[in-house]
Amino acid sequence: MNLHEYQGKEILASFGVRIQRGIVAHNAQEAVAAAKQLTEETGTGWHVIKAQVHAGGRGKGGGVKLAKNLNEVEEIAGSIIGMNLVTPQTSAEGKKVHQVLVAEDVYYPGESETSEFYVSVLLNRATGRNMIMYSTEGGMDIEEVAEKTPHLIYTEEIDPSTGLLAFQARKIAFNLGLSGLAFKEMTKFVASLYKAYVESDSSMFEINPVLKTSDNKIMAVDAKVSIDDNALYRRKQYAEMRDLREENPIEVEAGALGLNYVDLDGNVGCMVNGAGLAMATMDLIKQAGGEPANFLDVGGTADAARVEAAFEIILKDPAVKAILINIFGGIVRCDRVAQGVIDAYKNMGTINVPIIVRLQGTNADIAKELIDNSGLDVQSAVEFQEAADKVKAVLA
Ligand code: GDP
Ligand code: MN
């Protein structure tokens with residue numbers, strides 16, 4: 001589950017990570033009030049107004065702006081709230097901005113230059129260990145750094161039995177070219193950041209930029225935080241932070257129905273039970289020359305009602321040109337699923353896309369008979385290859 005910058009920063013701060021402070025505002029008046037309060041608390045005269053949407057690259061899209069007085073706060077907040085923010089990470093339509101973070105300006109002049117770093121914490125799936133990835137090239141597109149100057153990206157793996165060790169935090173501060181107070185600050189920053197990552201059950205932290213201020217403090221200016229969905233049951237305070245407006249509406253609806261659905265770009269909808277079979281089915285669709293329109297695992301209880309709900313979800317995607325139903329009847333009986341398909345088809349009235357059904361396992365023969373005798377435009381397949389060929393034929 002992804003969070004907004006302001007929510008991510010709240011979590012970081014609760015673990016003692018230093019952050020650029022800010023207050024959320026939903027309209028221009030609230031933004032001015034927030035700016036006044038920040039001035040009282042921090043002494044800052046300048047503020048940055050930051051669009052809160054689930055997408056990076058907001059600065060490039062005009063979603064992060066500096067305000068040098070309260071009039072500018074009002075003006076900028078007023079123009080950002082309600083806009084459709086287009087960034088390199090959004091679609092062409094952009095994302096509607098419902099709220100902004102009014103933050104203290106932390107790029108103030110002082111005894112030394114400011115520097116921007118990149119720090120993320122994530123799981124290295126190859127080794128099964130958490131790692132800290134970091135770079136001197138902060139504030140920029142890290143993908144571009146990885147492509148053009150990969151030697152400027154460092155990684156530090158963490159042994160789960162010891163956690164992050166003091167020498168590792170010092171190594172990171174050293175590789176980032178820091179000394180004196182900034183060095184000490186960075187070791188503290190990294191240690192508290194790692195603790196926050198582990199104890200919040202996060203699956204990703206990306207802090208870009210981490211800022212060294214002109215008075216040598218180290219702080220998170222941005223925060224991209226994802227909490228592991230599988231841990232939300234025990235992290236209720238984070239589960240409450242979910243902002244459904246930021247998520248794909250069809251995925252939200254499918255989730256509420258208990259369907260495991262991920263929207264994809266292709267043209268063949270698929271309905272499968274079990275994640276492994278769903279992956280194999282997506283491969284099958286690709287081999288047949290199609291592209292999967294979705295990943296959909298209807299789960300172990302693929303009864304008529306679930307099949308119908310899944311149909312409705314798949315058909316909400318206008319790109320779908322064919323549907324492949326691939327169900328293995330283990331506990332679930334194939335004839336029940338077949339009946340579910342037939343009922344759903346009848347109940348829904350107009351399904352204008354061809355449907356190929358492959359039911360294997362318990363009572364598969366009865367299921368095939370039911371489908372073949374239903375009189376509906378549903379084709380049944382027994383073998384995997386046969387299903388692929390039928391998909392190919394309907395796409396041709
Ligand atoms: P992103 O573009 O979505 O990654 O948003 P960020 O939170 O990273 O902000 C984008 C950029 O805004 C940063 O890289 C900074 O250069 C700039 N920025 C953020 N906070 C401040 C601030 O307090 N003062 C000034 N002058 N610039 C800031
Ligand atoms: Mn950023």
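All ligand and atom numbering here is 1-based and tracks the order in the structure.
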Any donor-acceptor N or O pair under 3.5 Å, side chains Asp222, Asn208:
no

Nearest-neighbour protein heavy atom for atom 7 (O) of ligand 1, which is reported as residue plus atom name and distance
Lys50 NZ, 2.7 Å

So, His54 versus His4, ring centres under 6.0 angstrom or not?
yes

Is there a donor in the side chain of Asn216 and an acceptor in the side chain of Lys212, or the other way round, less than 3.5 Å apart?
yes

Answer yes or no: is there a donor N or O on one side and an acceptor on the other, between the side chain of Glu199 and the main chain of Lys195, under 3.5 Å?
no

Give the atoms of ligand 1, by number and element, whose distance to some non-hydrogen atom of Gly56 is under 4.0 Å.
3 (O)

Under 4.0 angstrom from ligand 1, any heavy atom of Glu104?
yes

Taking only heavy atoms of Pro209 into account, list the atoms of ligand 1 that are under 4.0 Å away from them.
8 (O), 14 (O)

Closest protein heavy atom (residue, atom, distance) for atom 22 (C) of ligand 1
Tyr107 CD1, 3.2 Å

Between Asn130 and Tyr194, do the side chains contain a donor N or O and an acceptor N or O under 3.5 Å apart?
yes

Could you check atom 20 (N) of ligand 1 against the protein and tell me its nearest heavy-atom contact, residue, atom and distance included?
Gln20 NE2, 3.3 Å

Closer than 4.0 angstrom: is that true for some heavy atom of Glu116 and an atom of ligand 1?
yes

For the residue pair Glu137 / Thr149, report whether a side-chain donor-acceptor contact shorter than 3.5 Å exists.
no

Distance to 0.1 Å, residue and atom name: give those for the protein heavy atom nearest to atom 6 (P) of ligand 1.
Asp222 OD2, 3.4 Å

Give the atom numbers and elements of ligand 1 that come within less than 4.0 Å of a heavy atom of Gly57.
1 (P), 2 (O), 3 (O), 4 (O)

Under a 3.5 Å threshold, yes or no: a donor from one side chain and an acceptor from the other, between Lys9 and Gln20?
yes

Please write down residue, atom name and distance for the protein heavy atom closest to atom 2 (O) of ligand 1.
Gly59 N, 2.8 Å

Side chain, backbone, both or neither: which applies to Asp105 and ligand 1 if a contact is any heavy-atom pair less than 4.0 Å apart?
both

Relative to each other, are the rings of Tyr154 and Tyr134 parallel, tilted or perpendicular (30° and 60° limits)?
parallel

Is it possible for you to say whether Ile207 and Met219 belong to one hydrophobic cluster, with membership spreading through side-chain heavy-atom contacts below 4.5 Å?
no

Does the side chain of Gln168 reach to within under 4.5 Å of the side chain of Arg170, using non-hydrogen atoms?
no

Side chains of Asp389 and Gln385 only: does a donor on one sit below 3.5 Å from an acceptor on the other?
yes

In terms of residue, atom name and distance, what is the protein heavy atom nearest to atom 5 (O) of ligand 1?
Arg58 NH2, 3.1 Å

Determine whether the side chain, the backbone, both or neither of Val106 has a heavy atom under 4.0 Å from any heavy atom of ligand 1.
both

Of all the atoms in Asp222, is at least one N, O or S atom closer to the Mn ion (ligand 2) than 2.8 Å?
yes

In this structure, atom 19 (C) of ligand 1 is nearest to the protein heavy atom Val221 CG1, 3.6 Å

Within reach of ligand 1, part of Asn208 (heavy-atom separation under 4.0 Å):
backbone

Protein residue, atom and distance nearest to atom 12 (O) of ligand 1, heavy-atom basis
Val64 CG1, 3.5 Å

